[in-house]
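This one's a predicted model, so the numbers in the text were calculated from it and none came from an experiment. The sequence lines fix the lettering, A, B, ..., with proteins before strands; numbering per chain opens at 1.
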Number of protein chains: 2
Amino acid sequence: MKWDALEEEPCSLARTVAVIGDRWSLLILRECFLRIRRFDEFQSSLGVTRHLLADRLKKLVRFGVLRKTPYQDAPKRYEYILTQKGLDLYPIIMSIVHWGNIHMVDARGRPLLHEHKNCHKMFDPVMVCSECGEPLTAKEVHVHPGPGARKSSPARAKAVENEAKR
Amino acid sequence: MKWDALEEEPCSLARTVAVIGDRWSLLILRECFLRIRRFDEFQSSLGVTRHLLADRLKKLVRFGVLRKTPYQDAPKRYEYILTQKGLDLYPIIMSIVHWGNIHMVDARGRPLLHEHKNCHKMFDPVMVCSECGEPLTAKEVHVHPGPGARKSSPARAKAVENEAKR
DNA sequence: TCCTAAAGTTCTATTTTAGAACTGTCAATA
DNA sequence: TATTGACAGTTCTAAAATAGAACTTTAGGA
């Protein structure tokens, strides 16, 4: 499967993966949320090759996640800023960081702590249900086909059926 | 940078990306949460090459995200089940799906709807602060070095400094 | 004139991935 | 008994992506 094919899949995960589902895009976005904006800053802070960095920035701009704006005119210089669409990726980034905090830290502990400016406390992100506000776990969620559903694979249909029986 | 190097980075995002930061791992995990368990089910439902599927399953088992258990003896057959560590990836998967639902759906609408068994309503996931319960946005979060921090790049140090001034 | 900075582009060598075919074990069928 | 089919992979070659380094362009300053 080609990357382009992913964008067409009738699956919100696949389509998002087409945008951010590679190593460097996610690391670039991490830097964006840490207020990194310029080509050379990304390059020195990530150690990514300049070739790939140029390619990924272009892709993120094409998908509307970053906006490329000039910050000086002579010579022309640009910086990359998160759009609202990009800012909306924050829960993804935070949930990835949180899983790493729980399952991947070494004896030294967490590399970063997060403070919520609202309540001035160090916090962890928690995912809750928009309707009842309770924390979510995989086992408490049931999946239904939505208006954009297409016929799913036999294997998945069987799995859904098995789940419904329980 | 090699994939192995990512695991060593003093960054919870980089370390998590070392586990799930490629296209196929995320798609495999999506199927896992939809109760897909067996090699051929993954293969036919994803269209991934068998070679890569074998490789990614091995990797996910190595990292403790999946457990490979026999479900019959003659001939030996195995299935791949999410461990608790794997189940803990649910917020990542859900926040990816949610972003896709908001920013990547076409005119047909969402492919899947999610029902919360607790409150029996269709819901969206919301990320909130563990301390005050308010929804989180990037701009309301301030970052501090934690016990596992290492000296960061000059570019990032400057960016953090700039942010502190505001 | 030469040096530096920023933001890329170009080049070759190495790794990964795609796509298809092949292997081995066992059960059920003809 | 021979054949077919399911399952869980492995092996092969060709194509694509990535790493690492050098090069380019535009302009300001020593």
Side-chain angles (χ1 to χ4, degrees), chain A residues 1-6 9 14 17-28 31-32 36-62 66-81 153-155 158-159, chain B residues 1-6 9 14 17-28 31-32 36-62 66-81 153-155 158-159:
Chain A
M1 196 195 291
K2 300 286 165 52
W3 278 100
D4 302 8
L6 264 189
E9 289 261 311
V17 165
V19 183
I20 60 157
D22 72 283
R23 171 155 62 141
W24 289 119
S25 297
L26 282 164
L27 292 168
I28 288 168
E31 297 301 301
C32 290
I36 296 292
R37 295 162 140 74
R38 299 184 186 174
F39 192 91
D40 275 27
E41 289 177 342
F42 285 113
Q43 208 275 318
S44 65
S45 145
L46 288 174
V48 58
T49 65
R50 307 177 73 77
H51 181 104
L52 268 215
L53 177 58
D55 183 83
R56 291 299 187 271
L57 287 173
K58 224 171 266 172
K59 193 178 98 176
L60 291 170
V61 168
R62 178 160 53 80
L66 297 180
R67 189 177 53 243
K68 182 177 179 175
T69 38
Y71 67 89
Q72 72 173 39
D73 266 346
K76 275 276 187 196
R77 292 287 183 258
Y78 301 92
E79 52 188 12
Y80 296 88
I81 312 281
S153 73
K158 213 183 86 194
Chain B
M1 196 197 289
K2 300 286 166 51
W3 277 100
D4 302 8
L6 264 190
E9 289 262 309
V17 165
V19 182
I20 59 157
D22 72 283
R23 172 157 58 142
W24 289 119
S25 297
L26 282 164
L27 292 168
I28 288 168
E31 298 301 302
C32 290
I36 295 292
R37 296 162 139 75
R38 298 182 187 175
F39 192 91
D40 275 27
E41 288 177 342
F42 286 113
Q43 209 276 317
S44 65
S45 144
L46 288 174
V48 58
T49 64
R50 308 176 73 77
H51 182 105
L52 270 216
L53 177 58
D55 183 83
R56 291 299 187 273
L57 287 172
K58 224 170 263 171
K59 193 177 99 176
L60 292 170
V61 168
R62 179 160 53 79
L66 297 178
R67 190 177 53 244
K68 182 178 179 176
T69 37
Y71 68 88
Q72 72 175 38
D73 266 346
K76 275 276 187 196
R77 294 285 183 259
Y78 301 92
E79 53 188 11
Y80 295 88
I81 313 280
S153 72
K158 214 183 85 197

Trainee: Please determine if a side-chain N or O atom of Arg56(B) lies less than 4.0 Å away from the OP1 or OP2 oxygen of dT16(C).
Mentor: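 For dT16(C), OP1/OP2 do not have a side-chain N/O of Arg56(B) under 4.0 Å.
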Trainee: Of Leu52(B) and Arg38(A), whose nearest nucleotide on DNA chain C comes first from the 5' end?
Mentor: Arg38(A)
Trainee: When you measure from the side chain of Arg50(A), which nucleotide among dA18(C), dG8(C), dC26(C) comes out closest?
Mentor: dG8(C)
Trainee: Which sits closer to the 5' end of DNA chain D, Lys76(A) or Gly47(A), going by the nucleotide each is nearest to?
Mentor: Gly47(A)
Trainee: Taking the six-membered ring of Trp3(A) (Phe, Tyr or Trp), confirm whether the NZ or CZ of Lys59(A) is under 6.0 Å from its centre and within 45° of its axis.
Mentor: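 Checked: cation-pi criterion met.
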Trainee: Let me see the working for Leu60(A) and Tyr80(A) under side chain to side chain contact (heavy atoms under 4.5 Å, CB included), right down to the final yes or no.
Mentor: CA-CA 10 Å; Leu60(A) 291 170; Tyr80(A) 296 88; over 6 Å; no
Trainee: Give the rounded distance in Å between these two atoms: CG of Asp4(A) and P of dT17(C).
Mentor: 17 Å
Trainee: If I compare all heavy atoms of Trp24(B) with all of Leu52(B), which pair ends up nearest, and what's the gap?
Mentor: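 The answer is CD1-CD1, 3.4 Å.
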Trainee: Cationic tip of Arg38(B) within the cone over Tyr71(B)'s six-membered ring, i.e. under 6.0 Å and within 45° of the normal?
Mentor: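 Satisfied, under 6.0 Å and within 45°.
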Trainee: Phe42(A) near the nucleic acid: base, sugar-phosphate alone, or nothing, with a heavy-atom cut-off under 4.0 Å?
Mentor: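 It contacts nothing in the nucleic acid.
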Trainee: Would you call Phe39(A) and Arg50(A) a side-chain contact if the rule is heavy atoms closer than 4.5 Å?
Mentor: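 Yes, at least one pair of side-chain atoms sits under 4.5 Å.
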Trainee: Determine, stepwise, if the pair Leu6(B) / Leu27(A) fulfils side chain to side chain contact (heavy atoms under 4.5 Å, CB included).
Mentor: CA-CA 10 Å; Leu6(B) 264 190; Leu27(A) 292 168; 3.9 Å; yes
Trainee: Does a side-chain N or O from Tyr78(B) land closer than 4.0 Å to OP1 or OP2 of dT25(C), or not?
Mentor: no
Trainee: Within this structure, what is the CG-to-P distance between Leu53(B) and dT17(C), rounded to whole angstrom?
Mentor: 13 Å
Trainee: Please state how far atom CD in Gln72(B) lies from atom P in dC26(C), giving the value in whole angstrom units.
Mentor: 11 Å
Trainee: OP1 or OP2 of dG8(C) sitting under 4.0 Å from any side-chain N/O of Tyr80(A)?
Mentor: yes
Trainee: In whole angstroms, how far is the C1' atom of dA6(C) from the CG atom of Leu57(A)?
Mentor: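 Going from CG in Leu57(A) over to C1' in dA6(C) covers 14 Å.
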Trainee: Within the structure shown, what part of the strands sits under 4.0 Å from Trp3(B) by heavy-atom distance: base, sugar-phosphate, or nothing?
Mentor: nothing
Trainee: Would you check if the side chain of Gln43(B) reaches a backbone N or O of Val48(B) as a donor-acceptor pair within less than 3.5 Å?
Mentor: yes
Trainee: Whole-Å distance between dT16(C) P and Asp55(B) CG?
Mentor: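 It is 9 Å, rounded to the nearest whole Å.
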Trainee: For residues Arg56(A) and Asp22(A), determine if any side-chain heavy atom of one lies less than 4.5 Å from a side-chain heavy atom of the other.
Mentor: yes
Trainee: Which residue, Glu79(A) or His51(A), contacts DNA chain C at a nucleotide closer to its 5' end, judged by nearest heavy atom?
Mentor: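 Closest to the 5' end, via its nearest nucleotide, is Glu79(A).
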Trainee: How many Å lie between CG on Asp73(B) and P on dC26(C), as a whole number?
Mentor: 11 Å
Trainee: Hey, does the side-chain of Arg77(A) have a donor or acceptor N/O within less than 3.5 Å of a partner on the base of dA6(C)?
Mentor: yes
Trainee: Rounded to the nearest Å, what distance is computed from the CG atom of residue Leu46(A) to the P atom of nucleotide dA7(C)?
Mentor: 15 Å
Trainee: Within this structure, what is the CD-to-P distance between Gln43(A) and dT9(C), rounded to whole angstrom?
Mentor: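 For the pair Gln43(A) CD and dT9(C) P, the rounded distance is 14 Å.
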Trainee: When you match Ala74(A) and Asp22(A) each to their closest nucleotide on DNA chain D, which lands nearer the 5' end?
Mentor: Asp22(A)
Trainee: Give me the first and last nucleotide of DNA chain D, going 5' to 3', that has any atom under 4.0 Å from a heavy atom of chain A.
Mentor: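 For DNA chain D, the relevant span reads dT18(D) to dA27(D).
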